[in-house]
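One structure is given below, encoded as structure tokens.
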Amino acid sequence: MSETATERVSYLRAGHSLKSWLLTTDHKRIAILYVLSITFFFFVGAIAAALIRLDLLTPAGDLLTNDGYNRAFTIHGVVMVWFFLIPSIPNTFGNFLLPLMIGARDLAFPKLNLLSWYIYMIAGLFTVFVLIAGGVDTGWTFYTPLSTMYANGNVILAASAVFIVGFSSILTGLNFIVTVHKLRCPGMTWGRLPLFVWSIYATSLVLVLATPVLSITLVLISLERLFGLGIFNPALGGDPLLYQHLFWFYSHPAVYIMVLPALGVISELVAAGARKPIFGYQFVAASSVAIAALGFFVWGHHMFVSGQSAYASAAFSFLSIAVAIPSGIKVYNWTATLFKGHISLDPPFLFAMAFIGLFVFGGLTGLMLAMLAIDVHVHDTYFVIAHFHYIMVGGTVSAFFGALHYWWPKIVGRMYSIVWGRLAAIFIFLGFNLTFFPQFLLGYLGMPRRYHVYPPEFQVLNVFSSVGATLLGAAYLMPFIYFIHSLRYGAPAGDNPWGATGLEWTTPSPPPKHNFDSVPLVDRPPYDYEVEMEGDNA
Amino acid sequence: MPETLPVTEPYRDARQQHEAAMMGMYIFLGSEIMLFGGIFSVAAALRLAHSPEIIQASHALHFGIGGMNTAVLLTSSLFVALGVEAGRGGKANAAAGWVTAAAVLGLCFLAVKAYEYRLEFSEGLLPVPGVQSRYVTGVQHLFMDLYLVATALHALHLTIGVVLLATLAVQTARGAIPVPERAIVLITAGLYWHLVDVVWVFLYPVFYLAR
């Protein structure tokens with residue numbers, strides 16, 4: 001077939017068979033495969049969350065048994081962390097946008113990219129099997145000796161699922177790093193990379209370097225459970241705290257795997273929403289790498305009350321507080337970008353505003369938790385739960401929805417209802433705060449995490465939280481409906497509905513299979529929104 | 001790079017493709033180092049906690065056998081390097097020969113390792129259920145467990161390497177991997193083999209020699 005005939009056929013219409021989707025190596029189609037599969041796992045995790053919140057409506061814990069409650073919060077954690085949050089933005093928007101943003105035809109290793117999705121799905125099937133087989137009750141942290149000696153759930157199956165999905169993470173990270181290094185189009189220098197690309201790059205470094213440590217740790221606890229290995233068993237001279245060190249060496253950087261891509265999305269949205277170049281581009285770009293690097297040296301703040309040395313705690317406390325510097329740089333620079341901007345209140349930008357507020361709140365409470373004395377008081381309480389949900393849900397999930405509303409016209413070629421989009425953004429913001437703000441108060445008053453029977457004086461705040469969760473759940477369903485509606489009835493979006501800069505907006509919507517008709521040439525700085533108005537860059 | 005084969009999808013030219021393949025393999029090896037890094041940090045933590053018992057426990061290992069295996073692996077790496085050079089020079093048969101020789105040495109390593117495990121099994125040192133163990137202390141049990149996990153993980157990597165090298169040797173000899181155009185396949189496989197060797201070069205002193 002001739003090249004001109006296929007030139008303008010969009011990636012969505014480049015083949016209609018199931019095989020053309022399941023064996024595709026097109027990064028855009030693989031992104032769609034990921035969107036569908038992570039949406040499924042989001043629902044699985046959300047159902048577990050709904051059970052938790054329903055059960056907490058009453059102090060007696062009437063709905064679930066003790067064991068059932070343990071299994072509900074474990075599956076919520078495992079599914080949301082490894083099957084939704086970690087792949088959420090990188091594997092969907094990273095996959096779809098990275099080659100488009102740097103002017104490449106695809107990722108460096110397209111087949112590896114498809115393999116990564118299959119590995120993710122195999123791990124997902126394992127997880128579904130864990131659910132069918134009755135679940136697991138250790139919490140997502142698999143702490144020893146509970147996981148190795150006492151837990152009676154399917155620890156090994158669950159650990160296997162997480163072990164397998166790790167390969168998917170590593171392969172995706174590897175693919176992204178090589179793509180950013182080797183496939184930038186002419187003129188796309190490091191100083192012109194979109195900030196989303198910088199954040200995905202920083203995330204990928206963490207994915208590649210931290211995930212293998214979790215893999216070997218999961219192998220060790222599985223062998224310990226199966227054969228009594230002893231490495232984490234004090235009876236043989238092993239050390240349960242060693243498990244916590246190894247686990248958090250991965251799992252704290254994993255927090256940055258979850259939030260860094262969100263920070264990148266917000267940088268894109270803020271610049272496009274304010275129609276201004278991002279303030280302090282270099283600092284925002286470097287802060288992503290700084291967060292990734294610092295993230296490797298703060299794991300001990302999860303162990304302030306585990307009995308580690310006071311000197312280690314002091315060092316980890318200092319380093320954890322230091323993470324506030326690059327995070328603060330981002331927030332201040334977004335604010336400076338918004339200052340005197342022509343700020344659009346279309347749905348993606350409302351999500352971005354919501355993100356900034358919630359991220360600041362989550363970040364400041366993170367600083368409190370990094371303080372040695374405060375952590376002793378609120379350790380393992382709902383204060384911690386509220387803190388990381390502000391970052392993970394208020395932050396990452398808001399950014400995920402912001403990205404979905406921003407790039408949806410590019411991905412499917414059609415617009416959705418702007419009014420409904422605005423309403424969804426507002427309801428998600430309100431529902432989120434109603435769910436999680438009471439949990440700060442609960443935690444500060446002393447309600448511990450992972451308990452479903454609690455003193456009656458905590459009930460009012462728990463009811464607020466559960467009502468908020470209902471509102472939040474309903475608000476999450478709204479985009480689901482109007483996005484599906486837009487697939488058929490939405491108005492054609494045009495190439496660049498937001499008037500944004502960036503190479504992805506120079507392609508047709510949806511883009512053709514090969515992305516660009518000719519290799520693009522970049523001769524402008526990123527986010528040059530004022531160039532045309534002021535003509536200061538000839 | 002004198003590459004005459006068509007460049008595959010995302011690449012603009014052969015040099016870019018070559019560089020991407022090299023970088024991809026180096027990053028993969030970085031993640032492998034972090035995987036074994038977990039094992040090494042566990043070994044370090046145990047040694048810090050129980051230095052005298054670990055030193056005593058390490059006397060039970062047969063360091064002569066381990067030493068011989070070290071020599072076998074280092075020689076195999078030399079063969080891989082020679083095979084890669086032959087491949088880059090376009091000598092398909094020589095490349096296939098050297099790579100085959102390296103794979104055979106890899107098999108030798110695995111055979112010797114199997115013999116060593118058998119010896120340790122008969123001495124009651126391996127944590128096999130149902131077998132009378134002869135551990136002096138709990139820490140010796142722990143040390144032998146970690147030794148078994150670490151060396152078995154290494155042996156698994158080596159097995160993958162042997163299969164990889166054997167496959168590539170056959171394909172190179174048959175012309176399915178034309179050299180020097182596709183020598184990159186040999187180069188990246190060679191890098192993997194060298195890393196598996198380097199891991200052993202660290203495992204050997206950590207378990208057998210530091211006593």
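First the proteins, then the strands, lettered A, B, ... as listed; each starts at 1. These numbers come from the heavy atoms of this one structure, side chains and all, not from hydrogens, waters or symmetry mates.
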Between A:V178, A:N175, A:D106, which residue shows the highest count of heavy-atom pairs closer than 4.5 Å to chain B?
A:V178

Quick check on the interface: out of B:A21, B:G38, B:A20, who has the most heavy-atom pairs with chain A under 4.5 Å?
B:A20

Exceeds 12 heavy-atom contacts within 6.0 angstrom, atom CZ of B:F63:
no

Atom CG in B:D145, atom CD1 in A:I231: separation rounded to 0.5 Å?
7.0 Å

Turns out that what part of A:L223 lies under 4.5 Å from chain B's heavy atoms comes down to side chain

Which bit of B:L148 is near chain A, if near means a heavy-atom gap under 4.5 Å: side chain, backbone, both or neither?
neither

Under 6.0 Å from the OH atom of B:Y115, do we count more than 12 heavy atoms belonging to anything else shown?
no

Please flag which part of A:V219 lies under 4.5 Å from any non-hydrogen atom of chain B: side chain, backbone, both or neither.
neither

Sort A:L174 into side chain, backbone, both or neither according to what part of it lies under 4.5 angstrom from a heavy atom of chain B.
both

Any B:L35 side-chain heavy atom under 4.5 Å of A:S215 side chain:
yes

With rounding to the nearest 0.5 angstrom, report the CD1 to OH distance, A:I177 to B:Y26.
15.5 Å

Is it true that, when you exclude B:W98 itself, more than 12 heavy atoms of the residues, nucleotides or ligands shown sit nearer than 6.0 Å to its CH2?
no

Check each atom of A:A104 against the heavy atoms of chain B and say whether the ones under 4.5 Å are side chain, backbone, both or neither.
neither

Sort A:L209 into side chain, backbone, both or neither according to what part of it lies under 4.5 angstrom from a heavy atom of chain B.
both

The interface call for A:L220 against chain B, heavy-atom contacts under 4.5 Å, is side chain

Determine whether more than 12 heavy atoms belonging to other residues, nucleotides or ligands lie under 6.0 Å from atom CZ of B:F40.
yes

Counting only heavy atoms closer than 4.5 Å, note whether B:V139 contacts chain A via side chain, backbone, both or neither.
both

Can you tell me which of A:L207, A:V208, A:L171 forms the most heavy-atom pairs within a distance under 4.5 Å of chain B?
A:V208

Please check if the number of heavy atoms outside A:F296 that lie under 6.0 Å from its CZ is greater than 12.
yes

Roughly how far, to the nearest 0.5 Å, is CE of B:M23 from NZ of A:K182?
6.0 Å

Determine whether a donor-acceptor pair (N or O, by modelled atom type, separation under 3.5 Å) exists between the side chain of B:Y11 and the backbone of A:L183.
no

How long is the gap from OH on A:Y250 to CE on B:M34, to the nearest 0.5 Å?
12.5 Å

Most chain B-contacting option - heavy-atom pairs closer than 4.5 Å, from A:F109, A:F249, A:F227
A:F109

So for A:L229, is it side chain, backbone, both, or neither that comes closer than 4.5 Å to the heavy atoms of chain B?
both

Apply side-chain contact (heavy atoms from CB on, under 4.5 Å) to A:T211 and B:S31, showing your working.
CA-CA 8 Å; A:T211 313; B:S31 79; over 6 Å; no

Checking B:H50 side chain against A:G237 main chain: does a donor-acceptor pair fall under 3.5 Å?
yes

Please identify which of these residues, A:D239, A:L242, A:T217, meets the side chain to side chain contact (heavy atoms under 4.5 Å, CB included) condition with B:V42.
A:L242

